[in-house]
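Everything below concerns the one structure shown next.
Residue numbering restarts at 1 for every chain, and letters A, B, ... go by the order of the sequence lines.
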Protein chains: 2
Amino acid sequence: MNEKLFLRNPEDSELGRKIISNSIQLINKIGFEAFTFKKLATEVQSTEAGVYRYFENKHRLLLYIVDWYWSWQEYRLIFHTHNLNNAEEKIKKSIRILAAQVEDDIATDYINEKILCEIVMSEGAKSFLTKHVAEDNKAKFFKPYKDLSARLAGYISAYNPKYKYPHSLATSIIEMAHSQKFFMQNLPSLTDFTNAKSNRTVNSFLEDMTFAAISPGN
Amino acid sequence: MNEKLFLRNPEDSELGRKIISNSIQLINKIGFEAFTFKKLATEVQSTEAGVYRYFENKHRLLLYIVDWYWSWQEYRLIFHTHNLNNAEEKIKKSIRILAAQVEDDIATDYINEKILCEIVMSEGAKSFLTKHVAEDNKAKFFKPYKDLSARLAGYISAYNPKYKYPHSLATSIIEMAHSQKFFMQNLPSLTDFTNAKSNRTVNSFLEDMTFAAISPGN
DNA sequence: TTATTTATGATAGTTTTACTATCATTTTAA
DNA sequence: TTAAAATGATAGTAAAACTATCATAAATAA
């Protein structure tokens, strides 16, 4: 994790891990706007000042958990595509990972990936939609997202080196995987998906669109 | 405009119009988080209480200007596709309108569409990324966006009635048109576009992708 | 034209947020 | 075992996000 994101590394102490764990729960429960360090302090049974020793402000904390999520997704992507030997399969697997319903990974005891995924869906964009994107970018706060996007773009270029928009397409796949899930849950008329098991899934929408776009003719 | 968005219709008075006009300027200048009714009151040379007589809170004001923007975009779409007689041309024109660099429309004297477009790019998602989306949706606050999306989805279905994801594709086009422009300006490595005049534009990216996805084979 | 409603201005007050500061105490590491 | 580091407890400040009151000005209806 980027060390500039925190004042004290939350991984290194019990309190730090409780801060991360309870932040994820609390942000998901009340939303990022209503989330305050005071409320979080109550949850972790510490004080406001105690939380401020770990994170400068709540936006940094959001960046931390969002970065954690993207790093984790890239790790999963590497792990699951590692043994695949052609670009087509790698792209398909990547889309499946990104569009899938995330389940909690018990290997990480203080982070609930399922809830974290919900947060990234509904609060993730707020990590970069600020007046200080430029500084945050300079501080490399968006590196995990960029790395993931670049990796997928790499697979796209490997599949079709002539395709002109590998980065934009990769970023769009990642964005749409989350936004379509958000719309499906909250503004379903903006999508063609229902919660019921259907063959019209975010995954097949993205897969169809991607391969149509990058098919060797293009 | 949806009457539930405001307490007093800002169109009907000088102060109301100044509130809208200066909100657009001020939100663009300092960002939605730092934007307060007190600062706005200073700009319009009125008082905080004065602004609160028009809008319940700043989120309603954001919804108001964002809704205004989508209504305006749909109007432009209708106007410019009206004389076209085939779906392909309508889709191409729609994408061009959505991806284009918006210029100020002098017909609307107190609204600067160019700045408004910037706001929708960097703050627009905050209008629905809240814990009260469901209520806001019930109050029909997202109708202008949905109408625009449904119209584009209609053109897509007219072009290829067998295409399975017209709504998701339409929504994605609208979202990507804005997010790709945001990334181009702020996190350019996530895209394949440069500010320089190039044939790799958001417009051609979206057009290529759209027609690849909906070509009659699919 | 006057009476009355309605909009605005001026001011004040409350609760919550987003911090910063201080000092005592506990825990950990050398 | 001692010093350093982390935590807890408490207090305080400035600004944000409202709500309330009352006087005055402008618009409108009788």
Side-chain angles (χ1 to χ4, degrees), chain A residues 3-23 26-27 29-65 110 123 126-127 129-132 135-136, chain B residues 3-23 26-27 29-65 110 123 126-127 129-132 135-136:
Chain A
E3 304 220 329
K4 282 180 232 145
L5 281 172
F6 48 77
L7 301 171
R8 214 199 283 302
N9 194 335
E11 280 178 53
D12 291 349
S13 72
E14 189 56 35
L15 177 60
R17 289 185 293 269
K18 269 163 78 182
I19 286 173
I20 299 304
S21 171
N22 286 276
S23 291
L26 193 56
I27 292 173
K29 194 178 170 193
I30 64 176
F32 187 63
E33 276 68 43
F35 169 82
T36 69
F37 277 5
K38 195 164 198 174
K39 290 172 189 166
L40 176 61
T42 307
E43 295 289 314
V44 302
Q45 285 167 96
S46 178
T47 59
E48 217 182 339
V51 180
Y52 275 105
R53 286 192 187 103
Y54 282 84
F55 290 98
E56 235 176 286
N57 54 53
K58 68 176 185 171
H59 188 259
R60 287 288 166 96
L61 201 164
L62 179 67
L63 278 166
Y64 181 92
I65 64 171
Y110 65 99
E123 318 283 359
K126 294 171 193 168
S127 66
L129 296 180
T130 67
K131 277 282 153 185
H132 47 88
E135 297 147 58
D136 286 357
Chain B
E3 303 220 329
K4 281 180 233 147
L5 280 172
F6 48 77
L7 301 172
R8 220 202 276 308
N9 195 335
E11 280 178 53
D12 290 350
S13 72
E14 189 56 33
L15 178 59
R17 289 184 294 269
K18 271 163 77 182
I19 286 173
I20 299 304
S21 171
N22 286 277
S23 290
L26 193 56
I27 292 173
K29 194 179 169 192
I30 64 176
F32 187 63
E33 276 68 44
F35 170 82
T36 69
F37 277 5
K38 195 165 199 174
K39 290 173 189 165
L40 176 60
T42 308
E43 295 290 313
V44 302
Q45 286 166 97
S46 178
T47 59
E48 216 183 341
V51 179
Y52 275 104
R53 286 192 188 104
Y54 282 85
F55 291 97
E56 234 176 286
N57 54 54
K58 69 176 185 170
H59 188 259
R60 287 287 165 97
L61 202 164
L62 179 66
L63 277 165
Y64 182 93
I65 65 172
Y110 66 99
E123 317 283 0
K126 294 171 192 168
S127 65
L129 296 179
T130 67
K131 275 283 153 184
H132 46 88
E135 297 147 57
D136 287 357

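In this model, the phosphate group of dA7(C) is approached by a side-chain N or O of R8(B) to a distance below 4.0 Å at OP1 or OP2. Contact annotation: K58(B) side-chain N/O to dA17(D) OP1/OP2 distance is under 4.0 Å. Using a 4.0 Å cut-off, some side-chain N or O of K39(B) falls inside it from OP1 or OP2 of dA16(D).
Note that OG1 of T42(A) and CG of N22(A) are 10.5 Å apart. Values are rounded to the nearest 0.5 Å. Distance check, rounded to the nearest 0.5 Å: CD of E123(A) to NZ of K131(B) gives 7.0 Å.
The side chain of S13(A) approaches dT7(D) more closely than any other nucleotide in the set dT17(C), dA18(C), dT7(D). Residue Y52(B) places its side chain closer to dA17(D) than to any other of dA17(D), dC19(C), dG9(C). Distance from the side chain of S46(B) is smallest to dG9(C) among dG9(C), dG8(D), dT8(C).
The nearest whole Å value for the distance from the NZ atom in K18(B) to the P atom in dG9(C) is 7 Å. Rounded to an integer number of Å, the gap from K38(B) NZ to dA10(C) C1' is 13 Å. Here dT21(D) presents its P atom at 17 Å from CD of E48(B), a figure rounded to the nearest Å. For the pair L7(B) CG and dA7(C) C1', the computed distance is 14 Å after rounding to whole Å. Atom CG of L62(B) and atom C1' of dA17(D) are 16 Å apart (whole Å). Atom CD of Q45(A) is separated from atom C1' of dA6(D) by 18 Å (rounded to the nearest Å). The CZ atom of F55(B) sits 16 Å away from the P atom of dA17(D) (whole-angstrom rounding). Regarding L15(A), its CG atom lies at a distance of 13 Å from the C1' atom of dT27(C), rounded to whole Å.
Judged by distance alone, with hydrogens and angles left aside, the side-chain atoms of K58(A) form a donor-acceptor pair with the main-chain N or O of E33(A) at under 3.5 Å. Side chain of K126(A) to main chain of L129(B): a donor-acceptor pair is present (N/O by atom type, distance under 3.5 Å, no hydrogens or angles).
Comparing G16(B) and A49(B) by the nucleotide of DNA chain C that holds the closest heavy atom to each, the one mapping nearer the 5' end is G16(B). Nearer the 5' end of DNA chain D, as judged by each residue's closest nucleotide, is the contact made by Y54(A), out of E56(B) and Y54(A). Take the nearest nucleotide of DNA chain C for N57(A) and for R53(A): the residue whose nucleotide is more 5' is N57(A).
With a 4.5 Å cut-off on side-chain heavy atoms, S23(B) and L40(B) count as touching.
Residue contacts for F37(B): at a heavy-atom cut-off of 4.0 Å it reaches no nucleic acid atom on any strand shown.
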